[in-house]
Amino acid sequence: MTKIAIVSIALGVAVMIVSFSILEGFRNEIQNKIFSFGSHLTISKYDNNNSLEVEPIGNVQLLNDLKRFPEVQSTQPFARKTAIIKTREEVLGVVLKGIDERQSPSLMRQNLVDGKFLSFPDTAASDQVLLSRKVADKLRLKVGDDALFYFIQNPPRVRRFVVSGIYQTGLDEFDEVYVIGDIRQIRELNAWPDTLVGGMEVVLKDFKQLDPVADNLYENLRYDLKLDKITDEYAQLFDWLQLLNRNVVIFLLLIVFVATFNMVATIFIMILERTNMIGVLKAIGATDNQIRSMFFFRGLNLAIRGIFYGNLAGLGFCAIQYFFHIIPLDPENYYMDRVPIYWDPLIIVVLNVATFLMSLLAVLLPTYLISRIKPVVAIKFD
């Protein structure tokens, strides 16, 4: 029974650590993929048409306005333009998203799986683009190939770009639509001066402060600008993460209940097995508190051993998965190719403390049964 109690607590602790580590890993991986494309906040010209190609806004004035907010960590100008890519065998419609890495590094670098990132020469617009793995496969293009981009405007324009790299996020919302290029190409196509951009992506220092910071920014923006939150633009993904949260919480509560119940049952059985001993101790003058403390510290010893082995198993499994990626995933369904692990020392400490306190309660409650045991009856108990 003592071994069952130790194994029960160890399994509970290990499963809780692994569950939280994987949950936080999923959350961070997916959020980082979303932020690499959309950032926390997006500022653009107000447009009733909801088109990807919006009216330009002034870059210099907007940057000066954003500098007044200490919550803003970085900004990235962008512009979008629809295009049709034509190769010898295939035709595909995409959205060319222009970025300017000369102002701030792009988060897109983390999604690069082949080739190299865009180069941004000082003298002219770069003729390089990044394709997603899905777009490259559909068009049968690889790193170093040329592709013709047809832009539907008046007059129509054609540009030849070189594929410098392949990216992959696992999110169809991005991989099936976007091609990344130099924002100066879009400026030239639209005949914009260098001071105009399609919009501004804003990264905050603390994502948890998204709602209050967004409200504050909105109140201080010009009337002709709109502010979009990433949680609204990709609500289905963030709703999915919230659903994961609720499921894991319910799962963990069940684990804690089972581990606590097993500890209570173990102490009860220990007391019943030693009823004769309790009767003898009471007969020679031992108090209820003295006997209770014996069982309490015995149960506490089991709990500590269970928590120790649970941490050893849980953290060991997380470390193996983190470094060796032994459990793969289908990117089509899970947005990533392996089970992610996120190390959060605070969560691990909280889980251990919560388990320890529940174990103390589980050990303490059954010991009050000792006060009801009569010495004469206990000595005769078999």
Side-chain angles (χ1 to χ4, degrees), residues 22-42 52 74 76-83 85 92-101 104-118 128-143 147 161 163-183 198-199 201-204 207 210 228-244 321-322 325 327-342:
I22 293 176
L23 171 66
E24 290 300 311
F26 268 110
R27 190 205 314 279
N28 280 274
E29 286 284 333
I30 294 175
Q31 284 185 355
N32 289 338
K33 290 177 184 293
I34 298 173
F35 295 156
S36 67
F37 257 93
S39 249
H40 300 158
L41 299 169
T42 303
L52 288 172
S74 63
Q76 173 68 255
F78 73 93
R80 291 187 289 246
K81 196 167 185 65
T82 55
I85 305 178
L92 184 66
V94 297
V95 176
L96 176 63
K97 180 180 179 181
I99 60 175
D100 185 2
E101 228 197 28
S104 61
S106 172
L107 298 176
M108 271 299 299
R109 289 180 177 272
Q110 67 189 25
N111 300 321
L112 200 65
V113 294
D114 192 14
K116 61 181 181 179
F117 200 73
L118 304 174
Q128 299 177 350
V129 291
L130 295 180
L131 300 183
S132 72
R133 176 67 71 189
K134 284 192 173 183
V135 171
D137 290 343
K138 288 179 180 179
L139 296 173
R140 302 177 185 178
L141 292 173
K142 59 182 182 299
V143 174
F161 293 111
V163 180
S164 67
I166 306 292
Y167 75 85
Q168 183 175 11
T169 67
L171 303 175
D172 291 342
E173 290 83 349
F174 307 132
D175 290 356
E176 293 185 350
V177 178
Y178 285 100
V179 173
I180 308 301
D182 191 340
I183 192 174
E201 294 177 342
V202 181
V203 177
L204 304 180
F207 175 66
L210 178 67
D228 295 316
K229 295 187 293 186
I230 195 74
T231 51
D232 294 335
E233 291 186 76
Y234 304 103
Q236 71 278 8
L237 294 175
F238 285 95
D239 288 343
W240 179 66
L241 291 177
Q242 287 296 112
L243 182 62
L244 277 180
Q321 177 62 25
Y322 183 81
H325 308 149
I327 304 179
L329 291 176
D330 181 6
E332 295 292 332
N333 296 320
Y334 294 96
Y335 310 118
M336 57 197 74
D337 59 359
R338 65 185 186 278
V339 173
I341 298 294
Y342 179 77

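Since the structure is predicted, the reported quantities are computational estimates derived from the model, not experimental observations.
- In this structure, the side chains of Leu204 and Val202 come closer than 4.5 Å at one or more pairs of heavy atoms.
- Within a 6.0 Å radius of OH in Tyr322, other residues, nucleotides and ligands contribute 12 heavy atoms or fewer.
- The shortest heavy-atom contact between Ile166 and Val163 is CD1-CG1, 4.0 Å.
- In this structure, the side chains of Ile183 and Ile99 stay at 4.5 Å or more apart for every pair of heavy atoms.
- A salt bridge is defined here as a Lys NZ or Arg NE, NH1 or NH2 lying under 4.0 Å from an Asp or Glu carboxylate O, and Asp172 with Lys134 meets this definition.
- The minimum heavy-atom distance between Ile230 and Phe238, with the atom names listed, is O-CE1, 3.6 Å.
- With a 4.5 Å cut-off on side-chain heavy atoms, Leu118 and Asp182 do not count as touching.
- One distance of note links CD1 of Ile327 with CD1 of Ile22; it measures 6.5 Å at 0.5 Å rounding.
- Residues passing the side chain to side chain contact (heavy atoms under 4.5 Å, CB included) test with Ser36, sequence neighbours excluded: Leu107, Met108, Gln110, Asn111.
- Residues Met336 and Leu329 come closest through the heavy atom pair O-CB, 3.5 Å.
- The distance from atom CZ of Arg109 to atom CD1 of Ile180, rounded to the nearest 0.5 Å, is 12.5 Å.
- Between the CG atom in Asp239 and the OG1 atom in Thr231 there is a gap of 9.5 Å [rounded to 0.5 Å].
- Within the structure, salt bridge (Lys or Arg N to Asp or Glu O under 4.0 Å) pairs that include any residue of residues 27-38 comprise Glu24-Arg27 (at least two apart or interchain).
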**Audit row: Val135, Glu176, side-chain contact (heavy atoms from CB on, under 4.5 Å) steps and yes/no** = CA-CA 6 Å; Val135 171; Glu176 293 185 350; 5.9 Å; no

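- Here the CZ atom belonging to Phe78 is positioned 5.5 Å from the OG1 atom belonging to Thr42, to the nearest 0.5 angstrom.
- Taking the six-membered ring for Trp and the full ring otherwise, the centers of Tyr178 and Tyr167 sit at least 6.0 Å from each other.
- At distances below 3.5 Å, not a single donor-acceptor pair connects side-chain atoms of His325 with backbone N or O atoms of Arg338.
- Side-chain contact between Thr169 and Ile34 is absent, with no heavy atoms from C-beta onward closer than 4.5 Å.
- Gln76 has its side chain within reach of Asp100: a pair of non-hydrogen atoms, C-beta onward, lies under 4.5 Å apart.
- At distances below 3.5 Å, not a single donor-acceptor pair connects side-chain atoms of Gln128 with backbone N or O atoms of Gly181.
- In summary, of the residues considered (Phe174, Tyr234, Phe207), a ring pair (Phe, Tyr, Trp, His ring centres under 6.0 Å) with Phe35 occurs for Phe207 alone.
- Here the closest heavy-atom approach between residue Pro340 and residue Phe26 is recorded as CG-N, 3.4 Å.
- Looking at every heavy atom in both residues, Ala79 comes nearest to Gly198 through CB-N, 3.8 Å.
- Remark: side-chain polar atoms of Gln321 are paired, donor with acceptor, to backbone N or O of Val339 under 3.5 angstrom.
- Here the straight-line distance linking atom CG of Asp175 with atom CD of Gln168 works out to 6.5 Å at 0.5 Å rounding.
- Residues Asp228 and Glu233 share a closest heavy-atom pair of CB-OE2, 3.7 Å.
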